[in-house]
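For reference, the structure is listed below as structure tokens.
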Amino acid sequence: QSGGPAANTAAVSVKKEKETTPHIYNLNVDPQLTGMIVHLLKPGEHHVGSSDGEGEAPSIQLKGLNIQPQHALFTVEGDKVFLDKSHPDAKVLVNGQPLTEKDELEHNDRVLFGANHLYIFANPKQAGSQKQAAMTYEDAQA
């Protein structure tokens, strides 16, 4: 057994929330591992960083040489989601371009934290009725 009924209930709950809540999900070279990590972005602030720093641990914890303790910040205001760097040395790319100031994310934006934490931003409210093929790791490299 892998977690039992409680784990299955939690997975169903996250799957249901993904239909209405902005979120990021991981992209992996192995398609079977893509989407296995999901971070729901509910209204408010969501700190991204390593757990190496002083004080409160970030709500989205990443590990790696290029991840700062306070790396980035998602801010959810109504139907809009913004991303900003929390540290001047933080490496954050959006659609392959360095993030230099607070920016509003659009559905299917690619976000790279550090050197190898690649995520897709999904906003069901922006997606609307447009049915797009799921983003693959190869698509994200383009």
Discussion item. Tell me whether the count of non-hydrogen atoms from other residues, nucleotides or ligands lying under 6.0 Å of NZ in Lys125 goes above 12.
Written reply: yes
Discussion item. Tell me every residue that passes salt bridge (Lys or Arg N to Asp or Glu O under 4.0 Å) with Lys18, counting only those two or more places apart in sequence or in another chain.
Written reply: none
[Y] side chain reached by [X] side chain, heavy atoms, under 4.5 Å:
{"X": "Asp84", "Y": "Thr75", "value": "no"}
{"X": "Leu83", "Y": "Asp103", "value": "no"}
{"X": "Arg110", "Y": "Val94", "value": "no"}

State whether the side chain of [X] and the backbone N or O of [Y] hold a donor-acceptor pair below 3.5 Å, judged by distance alone.
{"X": "Asn26", "Y": "Gly35", "answer": "yes"}
{"X": "Asp79", "Y": "Gln126", "answer": "no"}
{"X": "His107", "Y": "Asn123", "answer": "yes"}
{"X": "Asp109", "Y": "Phe121", "answer": "no"}
{"X": "His71", "Y": "Lys91", "answer": "yes"}

Practice prompt. Indicate if Val76 and Val111 have the same hydrophobic cluster label, given that clusters are the connected sets of ILVMFWY residues with side-chain heavy-atom separations under 4.5 angstrom.
Written response: yes
Discussion item. For residues Ile60 and Ile37: do they belong to one hydrophobic cluster (side chain heavy atoms under 4.5 Å, members Ile, Leu, Val, Met, Phe, Trp, Tyr)?
Written reply: yes
Item to complete: Verify the distance criterion only: is there a donor paired with an acceptor across the side chains of Lys63 and Ser51 at less than 3.5 Å?
Response: yes
Heavy-atom pair with the smallest gap, counting every atom of [X] and [Y]:
{"X": "Pro69", "Y": "Ser50", "answer": "CA-OG, 3.3 Å"}
{"X": "Glu19", "Y": "Pro124", "answer": "O-CB, 3.1 Å"}
{"X": "Gln70", "Y": "His87", "answer": "O-CB, 3.2 Å"}
{"X": "Ser86", "Y": "Ala72", "answer": "OG-C, 3.1 Å"}

Positive for side chain to side chain contact (heavy atoms under 4.5 Å, CB included) with [X], one of [options]:
{"X": "Leu73", "options": "Glu45, Lys85, His46, Lys102", "answer": "Glu45"}
{"X": "Ile24", "options": "Leu41, Leu118, Val81", "answer": "Leu41"}
{"X": "Phe113", "options": "Asn66, Leu93, Ile67, Leu99", "answer": "Ile67"}

Worksheet item: CD/Glu17 to NZ/Lys42 distance, rounded to the nearest 0.5 angstrom?
Response: 3.5 Å
Practice prompt. Working to the nearest 0.5 Å, report the span between CG of Leu105 and OH of Tyr119.
Written response: 14.0 Å
Practice prompt. Can you label the angle between the Tyr25 ring and the His23 ring as parallel, tilted or perpendicular, going by 30° and 60°?
Written response: tilted
